[in-house]
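Here's the structure we're looking at; comments come further down.
Just so we're on the same page: letters track the sequence lines, and every chain starts at 1. Values reported hereafter were calculated over all heavy atoms of this structure, with side chains retained and with hydrogens, waters and symmetry mates removed.
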Amino acid sequence: MMHRKIILRIVSKQLIPFILLFALYVQWHGDFGPGGGFQAGVIFAAGFILYGILFGLGTLRRVLPSWFTRLCLASGVLIYSGVGVAAMLMGGQYLDYDVLSDDPVHGQELGILLVEAGVGLTVFAAMVTIFCAFAGRDRVTPRKN
Amino acid sequence: MSVDVISSDLLNVALLVFMGITAVAVARLRNLFAVVMLSGIYSLLGATLYVVLDAVDVAFTEAAVGAGISTVLMLGTLALTTSREKATPTARARTAMALSVAIGAVLIYATLDMPLFGDPSAPINHHVVPRYLDESLEETGVPNVVTAVLASYRGYDTLGETFVIFTAACGVLVLIGRPRRRKTDGTGASKA
């Protein structure tokens, strides 16, 4: 059905790189302006979901295999909690970023950056996973054989 | 009153009226496709309201999640189920209506005790907020106070939130993650 919507397909194809770029901007610029890992993850996922809606789930899964999204899903929370453990190993309390660097302010900046990256990764993977799970199902109503 | 205040009041009233109209339309329509679209519009109006309130981070999230992702997920659900709402019997609708009005009245009654919006003596402006506003830049080196609070001062809460999202995705994967086999055996009605 979507194969005929040529304008939609071409315009979206042009837009997707900018959506992804904007998501990265929101991710890494969240310290200075509005945004952060959560919003960036959602926007990044939205780019891929748009791709999936237009070109089908199979094509999306070739770009983002399910092992990859699952890896992202788990590594995001691992990065976040790992930062906390790293702070403990370096002599601080859990999630106390002051000890991550010689200068407490640098430690805070580093900790916030890593933690936001973890949030972004998990949110991105969660959104793509949930979308693919929904889109990959057949209609529940009983079919006549 | 300056022109600025009046125009921002007008904007607030206009946005709230639009949100009210959208909510009534969502309740009255039977076509679920239109309902999903309208709830996306509702989220977008909410996001605009947050921008007017200078809560850009919240507005950002509302626009991305409420208007964007949840609309897509709801459409996905409609594709799996049906896009027509079944009519409920009038008696049940009346009970539901009475219950909603009662709860709404209680909530409005509760807001009467709240401090006025922007009141400088409100508790929210006294407890830890002044410290965040004054010292977060020196302590964390991050100019955006929202990010500093979210990721550093309230790092535990955000860790919990991230785990909630992780758990939600895991739950969806466990429930409907595996593509169903096309062939259904005779007994497989409840095998979802």
Side-chain angles (χ1 to χ4, degrees), chain A residues 26 30-39 41-43 45-46 49-50 53 66 69-70 73-74 76-77 80-81 83-84 94-98 103-106 108-109 111-113 115-116 118-119 122-123 125-143 145, chain B residues 51 55-65 68-69 72-77 79-82 136-144 146-148 150-152 154-156 158-159 161-184 189 192:
Chain A
V26 170
D31 293 2
F32 307 98
F38 194 84
Q39 292 94 330
V42 172
I43 296 170
I49 288 175
L50 181 62
I53 290 175
S66 61
T69 42
R70 282 172 204 199
L73 191 66
V77 279
Y80 200 138
S81 26
V83 170
Y94 191 66
L95 289 178
D96 178 11
Y97 313 138
D98 282 356
D103 179 22
V105 175
H106 278 172
Q108 286 283 342
E109 282 174 345
I112 290 176
L113 197 76
V115 157
E116 291 277 3
V119 173
T122 291
V123 170
M127 295 302 160
V128 173
T129 304
I130 294 175
F131 170 76
C132 288
F134 272 85
R137 298 257 311 173
D138 299 329
R139 191 177 264 273
V140 180
T141 45
R143 282 153 189 264
N145 292 330
Chain B
V51 174
V56 266
D57 285 86
V58 188
F60 211 157
T61 315
E62 179 67 41
V65 178
I69 296 280
V72 171
L73 290 182
M74 289 304 244
L75 287 178
T77 316
L80 292 181
T81 55
T82 169
S136 70
L137 182 57
E138 291 149 43
E139 283 184 344
T140 64
V142 168
N144 185 357
V146 179
T147 304
L150 217 75
S152 184
R154 288 278 172 267
Y156 273 79
T158 312
L159 179 64
E161 276 169 36
T162 315
F163 268 104
V164 166
I165 293 163
F166 174 73
T167 316
C170 288
V172 169
L173 270 182
V174 168
L175 285 174
I176 60 172
R178 301 212 170 276
R180 282 199 313 182
R181 270 159 283 159
R182 297 257 161 183
K183 265 189 190 170
T184 45

Who pairs with A:Phe32 by ring pair (Phe, Tyr, Trp, His ring centres under 6.0 Å), at least two apart in sequence or on another chain? A:His29
Nearest heavy-atom approach of B:Tyr156 to A:Leu95 is N-CD1, 3.9 Å
List the atom of B:Gly155, the atom of A:Tyr80, and the distance in Å for their closest heavy-atom pair. O-OH, 2.8 Å
Any side-chain heavy-atom pair from B:Ile69 and A:Ile49 closer than 4.5 angstrom? yes
Between B:Gly141 and A:Glu109, the two heavy atoms sitting closest are O-OE2, 3.0 Å
I need the residue from B:Val172, B:Val72, B:Leu173, B:Leu159 with the largest number of non-hydrogen atom pairs under 4.5 Å to chain A. B:Leu159
One should read off an interatomic distance between B:Thr147 OG1 and A:Leu113 CG, to the nearest 0.5 angstrom, of 11.0 Å
Find the distance between CD1 (A:Ile112) and OG1 (B:Thr158) and round it off to the nearest 0.5 Å. 10.0 Å
Top residue by heavy-atom pair count (under 4.5 Å) with chain B, among A:Gly41, A:Ala46, A:Gly33? A:Gly33
Is A:Ser81 in contact with chain B via its backbone, its side chain, both, or neither, using a 4.5 Å heavy-atom distance? both
Any side-chain heavy-atom pair from A:Gln39 and B:Asp57 closer than 4.5 angstrom? yes
Under 4.5 Å, counting heavy-atom pairs only, tell me which of A:Gln108, A:His106, A:Glu116, A:Arg70 racks up the most with chain B. A:Gln108
Distance in Å, B:Met74 CE paired with A:Phe134 CZ, rounded so as to fall on 0.5 Å steps: 9.0 Å
Tell me if a side-chain donor or acceptor on B:Asn144 pairs with a main-chain N or O of A:Gly30 at a distance below 3.5 Å. yes
With sequence neighbours excluded, residues passing side chain to side chain contact (heavy atoms under 4.5 Å, CB included) with B:Glu161: none
Could you walk me through whether B:Phe60 and A:Ile43 pass side chain to side chain contact (heavy atoms under 4.5 Å, CB included), step by step? CA-CA 10 Å; B:Phe60 211 157; A:Ile43 296 170; 3.6 Å; yes
Heavy-atom closest pair, residues B:Ala169 and A:Ile130: CA-CG1, 4.2 Å
Run the numbers on A:Phe38 and B:Leu150 for side chain to side chain contact (heavy atoms under 4.5 Å, CB included), then give the verdict. CA-CA 11 Å; A:Phe38 194 84; B:Leu150 217 75; over 6 Å; no
Given that the side chain runs from C-beta out, which part of A:Ala125 has a heavy atom under 4.5 Å from chain B: side chain, backbone, both or neither? neither
Part of A:Val128 within contact of chain B (heavy atom distance under 4.5 Å): neither
Per-residue contact mode, A:Phe131 against chain B (heavy atom under 4.5 angstrom): both
Are any side-chain N or O atoms of A:Thr122 and backbone N or O atoms of B:Phe166, one a donor and one an acceptor, separated by less than 3.5 Å? no
